[in-house]
Each structure stands twice: as structure tokens, then as C-alpha cells.
Amino acid sequence: MIGYAIRRTLYGLLVLFLITTFVFVVLRLIPGDVVRLQLADAPGVTQAQVDALAAELGLDQPVFTQFWSFISGAVTGDLGTSFETRLPVTEMIVERLPATLELGLLAIMFSVVLGVPLGIISAIRHNSFLDQSLRLVSVAGISVPNFWLALLLITYLSIWFGWSQPLVYAAPWENLGTNLAIMAIPALALGTSAMAAVSRMLRSSMLEVTQSNFVRTVRSRGAPERLVILKHAGRNSILPVFTLLGLQFGNILGGTVILESIFSIPGMGSLIFTSVQMRDYPVVLGCVIFYGAVFIFVNLLVDLVYAVIDPRIRYS
Amino acid sequence: MSTARSRARLLIAGVAVVATTSACFGGAAGQSGSDSTDPSADQPQEDAGDPVAGGVLQMATPSDARSLDPHREASYNTHAAIGSVYSRLTAFKTGEDVEYGTTEVEGDLAEDWEANEDSTEWTFHLREGVTFHDKAPVNGREFTSADVLCTIERIQTLPGHQLGLISEVTDIAAPDDYTVTFTLASPNVDFDRVVANPFLVILPCEGTNEEFNLDTEAIGTGAFVLDEWSRDRERTLSANPDYFVEDRPYLDGYHVTIMPDAQSQTAALRSGKLQLMTGLSTDARAVDTLLSQVDGLRLRQEGGSTQTRVYLNVNEEPFDDLNVRRAVAHAIDREGMIEGLRAGGSLSGPVTPSFEGALSSEEVAELTPYDPELAKELLAEAGYPDGFSLEMKVTDGYGETVVKEAQWVQQDLAEVGIDVEIKIEDYATYYGDSWAQQNYVIAYGLQTPMLSADEYLTAEYLSDGGRNWNGVNDPKLDEMIQEQRTITDPVERDEKLQEIQRYIITEVSSPLSLYVYDGQTMISSDVQGYHPHPDYSSREYMNIWLVDGGE
Amino acid sequence: MSIVQQSDADQARDAVSTDGSTPPPVARPPRRRALLRFAKQQPFGLAALILITCFVVMAALCPWLAPYDPLEQHRGSIMLPPSPEHLMGTDDLGRDVLSRTLYGARTSLLVAVFTMMLGGVVGILLGTVSGYFGGSWVDTIIQRVMDTLMAIPSIVLLLFVAALLGPSIRNTVIALSLLVVPQFNRVTRGEMLRIREETFVEAARAIGCSPWRILTRYGLPNLLAPLFVLGSLVFAGMMIAESALSFLGIGTPPPTPSWGRMLSEGSASLEIAPWIAFYPGLALSVSVLAFNLLGDAMRDFLDPKQHR
Amino acid sequence: MSHGHIARGAAHDLRVEGTGVENESGRVLLDVQDLSVEFRTGGGVLEALSGVNLTVRQGEVVAVVGESGSGKSVTALGVMGLLGNGRVSSGRIMWDDYTDLATARPKNFRAIRGNDIAMIFQDPMTSLDPLYTVGNQLSEALRLHRRMRRREARAEAIDLLGMVGIPDPGSKVDAYPHQMSGGQRQRVMIAIALACSPRLLIADEPTTALDVTVEAQVLSLLRDLQRDKNVSLMLITHDMGVVAEMADRVVVFYAGRVAEQGTVDDILQNPRHPYTQALLRAIPRPSTPRDEPMPAIAGNVPALHEMPAGCRFADRCPLVHDRCVEQPPHVAISSEHSTACWLATDDRSSAVLEGSPA
Amino acid sequence: MTLSATLDSRSQGQEQAPLLQVTDLVKHFPVGGGLLRKESPPVRAVDGVSFSLGRGETLGLVGESGSGKSTLGRLVLRLLDPTAGSVVFDGQDITTSRQSQVKPLRRRMQLIFQDPVSSFNPRMTIEELLLEPMVVHGIGTPTERKRRCVELLDQVGLASSALAKYPHQFSGGQAQRIGIARALTTDPELLVCDEAVSALDVSIQAQVLNLLKSIQQEQGISFLFIAHDLNVVRYISDRVCVMYLGKLAEVGGSDQIMAEPRHPYTQALIRSIPAVTASSSRVERIPLQGEIPNPSRPPAGCTFHTRCPLRFDACDQDVPTLHERDGSLVACHLYRPEASA
């Protein structure tokens, strides 16, 4: 088990390195000169000033040197300094991280809390009218773009009910009520498609499991349906859902980029967006690496949870 | 300032704002556009009564400052963020009875001031007993002339627009704690207006000595104390109890939320969570709808100064031909654009019409009437009877409205046979690689205001101008521009400036300035005393008060 | 934004086409009646198929169906509500929303189709190679690269490509393909690994079939069903993704009508002229729904476990 | 009632008669009467079982034999109420004379299922939940039906594992199914089935997936347990060797119907149905001459959707004649022995003579 | 008689070279392994097996699951690459030849599977399935091939109407007939039947056995007949090899091995078969204890010693080798030359 975890971690680090390389290269290829952009407000700058700024930002070094110094910094947790704010990227990320994580987790929670029962009901009432309607609803959930859902909610909640989210983001430990009032709608918009995916996946894996031999065995023991569904079928069919959630987490993290901006949530998603626009390489790089690390970590976690639930994996 | 206020998004708004060159009105700012204010909306509430103290104002802005350092950051966001925290020596007047955008100044930190005969030496007498905010490391100590010296000396070491403002200052001295003397290289009768520029806010020496971080902290002498700033989230300001203006501010404080999405802002306004929403540039219909939906909501429409433009690269075919450029100018239905796409605005020549020395909108309209037939003739004359095809670069960094305008222009041009394909670039690419590198043939974009007619002309139309990114190289024009700078008589100079602009419109015709659009502010019924100045400073917030003290 | 439902990949993989080891109790009717059987067993699937056909027809015939030029700005009729003249109203530039929605179908479908072609081919190719050499270093390298693509948030990946290449339909296709490749790769590889272990592949080797023949005659035909399922689900995902890209202004460039772009343009005036965004939004959601339903239906249909 | 009664419900009548000899043969526990089961599929409704009669008495081993698809497993699943998308279309499944399992409410059924009737399945590799330890799954049955506490159940589970011959049951109780061999898993399945001391144990091909040496172990275990606990055993198999070794009585299925039933000696020594006879001949034995062809049965078992109207074996029967187009009745040859063949009716007198109980 | 002579086929006479000669064949499967993973000891599926198979002969191969008999079958066909040892087919060593050199041999040796349906590509019709080997080996013209298909179906007792159908439309017995037909398309000289009748019902099993036997008689094909049912193997085989944990335990004539098994394992196997006898003649069997050990960690010495009722001291130390004993070959210390002497 520990060997498995270590092996997975090493693979994760390898992927992280690949991500870094990929993003680094792409960022350097993207047109748009960060130095010129920064000096856009200073008319009549001289070449000397341009060079000085480039040197200050470390952009005068060969790309390989820049890459190497970034990597060696990253290993020690130093992701460099933002071109824009001149703040350490690590610090900026740490400041922005909680909001994004919370949003992501809320969306996942929403998708699980709603998706799991829907999936189970659908599977139990397989092919019934209820099943068909729930399937239609969940497929519809995937079919509406989340940004669109978000905008509709914002606009019509305020027009019809005079409701709008609280103005200022508050971390959950600052003011839980405000925090949830802000997070509710984006989490809903973000979690809808994951919810649909969860219920679909659970439905199909549940259908498969309930037709398996061991469920028949459990039934032959005279176990009540509740026990059959929750203990045996449930645990067995939730396994692929975990994998799904791990992958969905990537989508949800991606989704924060748009939704955080729409909902004024100071998280990493909105940070990435501006930073790409502003060619703030260190921040983009830092954020993407961080997203990648979170994604890899979550999926590692999923695999470990999987191994905890499924003894067959634990010992292989 | 800019621009990007439409839904667009997202943090692109921030980009656009930073992108503005010199995002401030200088001392030379002129009258507000006469046609741009909606008289009914701007009227004071009739039964508002006398100002009462108390309450916290809730407002929102689409993007936040990247830094609070007024000398390192030139963006609107920075100046709006610290405008009520710091003070200047002088400040532009604002108020109910003061004309919007006046260039008249009043004392701020300076109680009074005088110049010598030829206006080369200016002496400012500072208020006594002014204290900084009670925050470490300044801790509420008294403001003295030393702080002015610290500030000016810092400016002289840093690049940026503010350096240009005081470039003529050769010496600065503080004979005593409450007197500061500036010596100028050349006469400047308007120097008291120069120091009213929000770039020249006075910092405490602790700040210039780096005892606190100017990027993230602001400790000044203004009406409001910056209690908390969390980047991209909010700014919390509270009334300065020791503010030197008596009975000000009325508010207990105000709170700014950063809301990048226009939809969210409107929703918050509609649900009463926001009381003031500035910098809108929405469609007239949207404004009307909003006004009808929310009781007591008022609109304040302010003449803008950001020009919409078509950039034509005169070094590239076919725009090396004046006739082609003129054809483009005649082909565009500019009044239609204002009507169809903006909530208000006025036609503009090379210099924003509200500036001294600018051509009036009426004259601009006369010089380049909308005339597709004429455009076709001009094209035929230039050897393009069947028109031609081109790629027009546009950035969505200025917001969705600009992209829409580009499409409008696209259809107008198509009607005279010019077939342009819109190529969207993100702001960084547009600015860094296309526009500033003259790497375009035709482009659509914005030009945020410069400081004066002179600056427009010298920066953009001199053959070696700093922002001459259109390839204009006209010796006669160079000569004319140089000449006007030597004219000391204001009237004569204005005439010369206007002559140059007529010449540009008819003989240079690149870039094509189309119009400036109005900005709108939505004010909820309980907010009174909001009389802003287009310098984007927030000093005037000290005059805002809430009906019933916000209760 | 969930650009592609990762679950689709898994579910498609689950839809093991024909499981030789569990022969159905009844001999199956001949293949040509498959469509009929599909229609009978999967009413949602049938409805979806009909809807999709409608959209394809819309896309194909839009020059004849559209009452106006979708690009023409009727300057005098900006933001008009739906009327007999403009059945779906006009947008903020006075363009006919109906015509734009019709043409939007073409853009959205084309983007999705080309994305599927580009991303699908590359993904299937890599997946086949990866699956065929399962466990070897070739497989390892391909899988790590795919992991990398998947670990970068999709929207960031799209931002990069858009910033790198600039917005255009071609570049949208390239950007979206990057998201599609890992999906197809994963399913193909998994299927290949499974098929590789099938007895009939061993039988083919015993007969003396070359690896190439095994791949083309045994591998690909048995891959088709799950890939078809995945395809329709990814197709739906791509249409959403295209709209998200256009919404961000980095997808289909103006003035080309695409549903995403129209959503973006219309959402600013959601309160005053809801029709501008409503119709393209409806069209988008309904067609995405249709592709999702079709994928679901095909999965159920092809999965022998579901109709025992 | 005469032995030669010809009727569809012959076996049922036999049972009625059988109750008269209850003291000898034991009390009837399970009485399946005229049971038909159909499955709904994409291709329509298929009848998997039609008019099946069989009884299981207290303490006896009834072997149900037949080829794949003959309906023997469906019968077992029908008794267990685990037909899935199939349903009992007619007939009764009387348990202990007072409950009809075919129509029982789920709750009542559950009390019998697992408690009074337990079942062992063919594939021990997939019949245990892979996510729980065998101890957990054993305890579940104990806690469900015997209301045991956790600790109590665990101790009992260890005892049960020991009883079925699992070495080191104290540690194996915490093992997961995948950590055990096929033979051990089948032992665990048996332990679970026996956990609540059922009165009837249904074993559906319990050794088919196992190697011969392990099969011998498991059969020997089953036999010992059956004897020790006086459990009735309904053993479903296709292997006549297993039948010979285990069964008291045998029911031979063919294509969804009972072809013949009787004591093990009736069937092995005096088979009356041509199918039973052919089946016994087709089994390779150590004595089968190697230079001659095997006595095979020609043709194939008809598929469910193309069942012939009359005798279902007619197509393959070497003795087929005109009457076979009609469905043959069950003919009682002796009190225990009956067969569904027209030949037996023609031959009734001799049948009575030959088939009289020993 | 020398050891090799006994291993050789007898039915065909000594002077003729055997069709197949397997010598010291070893196959180890690695377990785990990979970039970052420790390798466990390999599974010794086949661990030093030698035998030969004459033309027209049937060699039975019996053993429990995990004894390595299926692996051996695949090694013989070079569907797996052996770890050591050699397989000589008709004088040609195929263990080291490249796949391109093996391909022509493929038409001369074929495999019949336990589950015929899963050995057919579900997307191919019976006709396509039957044509495939001929197409691969370039046999005949399209018309000839088609005719051959019909012939083959006829030979295995199926109507030509089957050609257009798909595999899943057939019952197990029919499918196995098709499997046999497919194996016969290239006129092979060697057929490896891997549990070819194990999954079939008794009545069908007999049909297929008869079919196989008649084909062999007509065409003189050699069979390597892998099965776990000793009665079936005895019926069809000339000689029988008993395998246990990758090694041969006993080799002998099929009647002889059933009548007088030497190896305790063979004895136990035979004893385990339930006999179809009347209840009066029932005997209580004492089953062999335990199960086949994990082939990646085989016991030391004689691998059977953990279950052997007759084990003695030498068994857990010395590995027994095959010795001739009364016409059979036995790998058991009980029959060591010195022990018997």
C-alpha cells in the first residue's frame, strides 16, 4: 500500500514536471510582450528602461536558464515573483487557494449529495418512468453550459426575487453565512454537470453490480433490499464514481476560472485568467502547476481511497 | 480612462484599465461635453434636505488596483483607490454648483499659494495641524513640508507619467515646515493646476523611505482611512476623524467591492446591495430598464474622453493613399454608432472635444460627413473601384462593445466595397505585438485620454512622436505642431491647434478618431452629494452623504 | 466549466460492445433491423436522433432556410423583440436572430465535427499504439503526456491555445482537439488492452494473422461501438466547450454566428432583450441534450448487460 | 389412486400419495407444483420452465440433472425468488406445506430465504462480495436471521469456517475472498449457507468450476454436513457421476421440462425415458471402448424460442413415433419413479412391474 | 529402452521421426515489474517438459488448473515464446525462429479452444471466419475458398445456411463444430485441442469427440489433447501425460495409465472421478487433501509432496525425474531405480 502510494506520487511528480515544461514553453511562445505591456502606461520610455525592466523580471536570461532557475526554485516551494504585483507567487496562491478549493469542494459535495441518490433511485427503478425522468433531468444538467446557468441565475434571481449574492467575499471562517450565500450559486452552476455525471455513472455501475453473482448471493441470504443496495451494491458501485469524481475535479477546477470571475470570488481561477491576459508568466506557471498538483493529488487520493475500499487493490 | 465595462468580461476589464496611457485628466482638462449630460438625471434630489452625517456607502468597481503606489502605477484603479486617502497640494473643485470637469482648483494641503511675476517660482503655504492617519509607522504625526519634498524627490527618481508632469521643476525647497517653493525651468501659469494632478498626491516620508510598503499600504492625510485592502475582493475605508476639512466626510466610511462581472453588479444594484455603480458604458436601453426597475435610482451621465478609433497604417497599402483613408472616414456612420451602440457620446477629432483647443463635435461632423457615395468615389479615384479585402485587428480586451463597434464598422466598410475580416486578438497581443509595433494594416480600438491637445498632437502625429504608431510622417504637420508650442497667447494657440486638427482630418486622416462616449453612474435614491471630477480621484467622496445617515 | 464529461469515457468503455462470453439467450435478429430495434428500445435515443437530424438539416440548408443574411445589420431595427418580420427578434446590431441561430448550427456542428475528426483520429491512433504496446515504454510515454494534458485545467489549456494562435474557427478546433485526444486515447487504449486479451485475438494469431491484420480486422471493428458512444458524448461536450470559448471571446471570432458567441453577445442584454441569447441558448442546450441522449441510448443499446 | 394415473399433475398426485409414506421418506419440505417461469427479453417472452413438478423431503438429497439451458437453475432461482426479470407464470412453490413462495410477500419470503432455505452458487469466484471479509459476510447472515451480536457472530463465523474445513479459521475470518482459492471460497459459501441451519440447501453446480480433486473434497464436505445436520439438499448438476455419488432421488430435466424422476437407482439402472438412457450412454467411462464411436445423442437441445409443440426430445429421440407430436404425460412407473414419455404409457403394465419400489 | 525412446511415440514405429519433439521446455511468466515496481518471483507455468508426438497420434495432457497444460499447448504453437528449451516441429526448431518464419507453419498447426464463441470475432460471419485462414495463407481462389467453406461445414455436420450467420447465433456444440471447421481449413498436421470439449454438455461432448476422432482417422492429424477429464482423455488419446505444477508427473499409454496409475497424483486424480454406479456400489472416497500450490512459489523437492499421502523423507528435498516403470514414465521417488531395485 505504501509502496503503491510512493509509486503513484513519483508518477505524479513526473507529470507535474511535464506540465511545468509544457506551460513554460507555451507561455514563452505566446505573442504579447510583457515588458512592453508593463510600460504601456509610461509614454516615451527608452530602450534602456525596457532593458532594465526585462532584466528586473529576469527575462534577459536564456529561456533554459529561466526554466532551470524556476524549477530549482519550485522544488523549494518558491514559485517566483509576480511580474505584476511583485509579490511572491506562492503567497498569492496561498491567499487565493481557499476560495477555489472551497468552491470546488462545494461543487463536488453538491454533485455527490444530489447525484448519488438520483443515481441509486434511477438504478433501483430501472426503466421506470421515474428513472426515465431522472435521466432526462441529469442529462439536461450536462447540456446547459455552466457559465450560462450562472448568468441566468444571477440575472433572474435579482429580477424576480430581488436577491443577489452578498457583495463581499468572506472566507468560511470569517462569516460562514455570507460565504455560503456567495458560494451557493457558483457551486450549483459548477456542480450541476458533475452531479449529472455522478448520477449517470452510479446508475450504470449500480445496474451492473445488482446483476452480479455476489448480489444474488446476498439476496439468497434473505438480506433486506436496503442492505443489498446500500452495503453491497452501493459500496461496489461507488468505486467507479470515485474515479469519476477525481477526474471531475479537474473539470471543476477549470470551471472556477469562469465562474470565479462572474461571481467575484477571489480565487485562483480568476487569478489565472488575468495572469494569462497580462502575460504574468510566473503566476500562470505557479497556478497551473498548483492546479496540476491539486488534480494529481486528488486523483492520488481517489486511488488510495479506492484501495482502502477495495481490498483487491490494496494487496496487489 | 477606458472602456471595458461591458459584461466583458471578467478581468479583461482590469487589463483594459491598466492599458490606458496616462489614465488621468491633467490640469488642462476642459469643459465637459455640453451635450453629454442628462440634465434631469443630474439634478439634485429636491427634498433631500441638508446633509447628515453617518452611514457606510456601498459601491462596486469592476477591477482592482494591482498596486497602491501612485507613482509606480498609472492606472485609473490605483488613483481611484487612494484618491480619498492621500491629499494633494491643490485639488480640482467639485460640488453641486461646480461645473463638471472644471479646471478651477482649490487648496487641499496648501492653504494658499502664489507665483512670482513670470510664473517660474511657485510658493505654497501649507495647512498647519494636518495629521496623517493614525497607522503605523506614521502613527498620526503632523504633516510638514518635508513630506512634500520626500514625495517630489521620489517622483524624480521614478519613470512614469508623473515625472513628466514636474519635468519643468528645477528646484524644490522648504524654507520652513509649512512652506514649499518650486522653481520652474520655464514659466507655467497653470502650475497650481499641475499639482492638482492626482499623480502628485503627497506621501509621508515613511512611505518614500520604504518604512511601509506603498504597494499594499496607503497612509495619507485624506478624508478616509484605508482600513483594509484585500486585493480583488474589497477595500474598506472609514472616515478620518482628524480630517482637516471641517465636518467632512459625512460618511462613516465607504466600501468598495470588486465585481468584474457587469451582470453581478446590476443584480446587486437591483437588490439594493449596491448604492453607487460607476464607470458603466452600457446601452441606453439597459440603463432605461434598470432605472425603471429600481425605485429612485438616478443616472448620472458624464461626458467621456476616451476616443474610439480606426487605425490606418499609412505605410501599408492601400492606406498609403490619402483618398483611401478619407474614403474610410466618410464610410463610417459615426452618429449611428453612438445611437445604436452607446448610451451617449460626441463626435471627436484628433483631440477629445472637451479639451481646450479641441475641434467641436459639430465641426468634426462637417469636416467628415457620413457619405458612402463620396467614399466610393474616393476609392475609385484611388484605383479601387471594386474595393479591396483586408484583415482588421481588434482586441476584445476593451470589452464586448468595442468588438460590436468593429462589426458595425465592418458593415459600413463593406457597403463601400471594403471587405474587412475581423481578427480578434487578446489585449497583450494587440497592444504588444500589433498596435505598438505597427504590425497592422487596419485596426479598431480605443485611445484613452491624454492630458492636453498638445500631448495628443506631439505623441501621435509628430513623425518621431512616442505613440506615432500609424506611420504618420508629414513634415508640414511636424512643423505646425512644433510651431504651436511656441505660441503663448491662449486664443491664438487654440486657433493654431484647431487648424492643425483640421489639417489632420482632411490631409492626414490617420488614425481616424470617431467619437468619445459618455460614462454613466447609477446612484441609488439615498445617496446625495456625489459630484465627481473626471480626474478619477475619489477626494470628493467626502461630500457624499446618505439620506437619514444610512439608517 | 466541464468541457468534457470524463465519465463519458468510462461509461463508453463500459459499453462493451458484444461480450462473447455471455451469449444472449435468443439469437439476435439480423443487423439491418438494428435501427428499428434501437427505435423500439430507446425512445429517447430515437427522439435524439430525430433532433440531431433536424439540426444537421438546419446546418446544411441554412442558406435556404434563413430569412436574412445572418451578418446583415439592420440599422433601423436594433434589438427588436420577436415579430412576424423577425421571428426571433433582432440583436444589438440589428441582425436577425433566427438567421444567426440557423447559421450558428452550422458553426457549432462544424467545430464539433472537425474537433472530433482531428482529436478523435489522433486520440484513437495514440490509444491504439498505447494499447497495443500496453505496459511498454511507448505506452508509458504516451500515457504521461495524456496525464499532463488532463491535469492542466481544460479552460487554461484553451486559454493558452487561444492566446498562442488567436481566435479563429480553425484554432478553436485545434484547442478543443487537445481536450478530445486524451478522452479517445483512454477509451481506445482500455479497449485495446481488453481486446488484446480476447480469445479471438489469440485465435487470429494462431491462424497466422499479421499484427496489422489483427489490428484492422479484430481491434478496430470491436472498438467502434464504445468509440461511437464516446464520440456522441464528446460531441456534446465539444459544443459546450465551443460555446464557452466563444463566450470568453477566444473561440469563434465575430461576426460569424456561433451559438456560444451569440450567448456571449446576448447575455449583456439578458434583461432587456432576452431573445438574443435565449434562442441560441435553447438551440445549444437542445442539441447538446440530443447528443448526450443519443450517447446514453447507444450505450444502453450496445451493452448486453442492460437487456438480458 | 392407481399408479398408472396419467395426468399433467402426476407428480403432484404422487406427492399426495407420498404423504402416506411420510414415515419412511420423511416430511415433504418443498413441493414445486406445475411451475412455469417466463423471461421477458428484447425478443419477446420466453418460457424457460413449463409445468415442472418436484418435491424435496426432509433430510434427502435430490439431484436435479440436465444439460445447460434445461431449466434446472431456473427452478432453483424460482424457489429462491431470485428470477430477476423472470417471473413465475403459473404453478405453486409450496414450502413446508403452508407458504406458497411463488406468491409470498417479500418480507415473509426473506424470513424463509437464507434462514430455512439456503443456496450455494456455481461460481465461487464471483459469488462473494469482494469488498468485505468472509467473516463479515458470514456474520451478516447470522445477524440477519439469528439476531446475533457482532462479537457473537464473529465467534460463530470462526466456528463455521472450521466446520467447513478452512484451515486456521481464526485468521481466515478476516481474509478477503480474493485471498482465497476457489475451493476455499466454495467452502465459505457453504459455511454462509449453513450459517442459519437451513432445512433445505440448494446447491447449484457447486463443483463445476472446481478441479476434480477439489470437487471430491467439496462433495465429501457437503455429504457429511448434509448427514450430520439432517439438511435436505437439492443438488443441481450436469454430472451423472456426482449424481451417482450424492443423490437419493434424481430429477432429470430436458428443455424446461421434467423428463424423468425417481430414486438414484431407478434412474441409473432402469432409466425409462429415452433421453435419460441416451444421456447415460453418452458419458465416457473408464470402460468405454476406445476404438468405437461414443454413443452420442444426435442434434441439439432446441432453443427456447423454437420449442417443439409435443415432446421436446422428439427431434433427437431414436424411438420417436407418431404420438410424440403431442406432449407426453407423466407416467408413474412406481411410487417414486415417473417419466414423461409415450413409450412408458404403452408399456405401463411392464413399467409397474419393473418399477415397483424396492 | 532408453528414456527418449519411451517418450517417443510408439504407435507410429521408431524409425519415423516424430511430428513434434518438445525438449526441456520452460516458460516463466514475470509477475509485476515495471518502471517503479519490484518484481516478484516468476510464475513457473511450465518447468522442464519433454515429450514427442508422432504423426496421427493423440497425446492427452491432463492436470488441474494451474498445472501449466494450456501454457504448454501455446508454447507448442509458438503463441508464447518459451523461456528455455526447444520445440521441433517436423524437423524445424520453432522456438528461436522469427515470427515470419513461423507464419508458414501456422497453416500446419491449429488450435481449438474451450469456448469457441469467444474465439470468434463477434463481428465476422461464419463465412468470413472460415475464409480468414485461407486468405491469410493465400490458399485458393475466392471461388475455391467459398467451396471449401461449404465442404468444411458439411464435414462437421452443419448446413451451408450457417455461412451468413454470426457466431453468437449458435449453440455451444454447433460453435465448437465451426471451431473445428475453422481449424481444418488449412489442412493442418497438428491440432492442439485446449479443453475443446470441457464446456460441452455430455450429449454434445460425445458428438464432438466422435467428430474429432473421425477427422483424425481420415486425415491422419496429430492431436495434442488438453483436458482435465481423465475419462475423456483416455477415450481419445493414445498416450497420456499427467502434469502437475508445470512438470510431467507421469506419461503412459492411456489404458495403462487409467488401469495402473503409478504416480500418487495420478492415482488421486483417478480416484477423484465420481463413478456413475448404483447406490449399492457407492464407495466413500478419501479425497486428496489441499489444493494445487501457487506456481510462483512451488514446494521444494517433489512439488506434489505437500499433498501426497505417500510422501517420505526424500520427497521434500530431491526433485524426482521421469523414470521408466513398466512401460510408463513416472516422476516419483517411490519408483526410483534404486528404490525398486
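All values derive from a computational prediction rather than experimental measurement.
- Residue C:Ala151 comes nearest to A:Val15 through the heavy atom pair CB-CG1, 4.4 Å, listed as atom of the first residue, atom of the second, then distance.
- Note that C:Arg144 lies in the cation-pi zone of A:Tyr11, set by a 6.0 Å cut-off to the ring centre and a 45° limit from the axis.
- With rounding to the nearest 0.5 Å, the separation of CE in C:Met150 from CD1 in A:Ile19 is 11.0 Å.
- Atom CG of C:Asn292 is separated from atom CZ of A:Arg200 by 5.0 Å, given to the nearest 0.5 angstrom.
- The residue among A:Thr155, A:Leu253, A:Ile296 with the most heavy atom pairs within less than 4.5 Å of chain C is A:Thr155.
- At a threshold of 4.5 Å between non-hydrogen side-chain atoms, the residues C:Leu157 and A:Phe22 count as touching.
- Across all non-hydrogen atoms, the minimal contact from A:Trp148 to C:Ala277 is CH2-CB, 3.3 Å.
- Across all non-hydrogen atoms, the minimal contact from C:Val145 to A:Leu18 is N-CD1, 4.5 Å.
- Rounded to the nearest 0.5 Å, atoms CG (A:Asn146) and CD1 (C:Ile240) are 8.0 Å apart.
- Neither the backbone nor the side chain of A:Val241 comes within contact range of chain C; no heavy atoms are under 4.5 Å apart.
- In this structure, A:Tyr156 places its OH atom where more than 12 heavy-atom neighbours from other residues, nucleotides or ligands lie under 6.0 Å away.
- When all heavy atoms of C:Val288 and A:Ser143 are compared, the pair lying nearest together is CG1-CA, 3.5 Å.
- No side-chain heavy atom of C:Ile152 sits less than 4.5 Å from a side-chain heavy atom of A:Tyr291.
- For the atom pair CG (A:Leu14) and OG1 (C:Thr148), the distance works out to 7.5 Å, reported to the nearest 0.5 Å.
- Rounding to the nearest 0.5 angstrom, the gap separating the OG atom in C:Ser285 from the CG atom in A:Leu149 is 9.0 Å.
- Atoms CG and CG, on A:Leu151 and C:Leu263 in that order, are 9.0 Å from each other to the nearest 0.5 Å.
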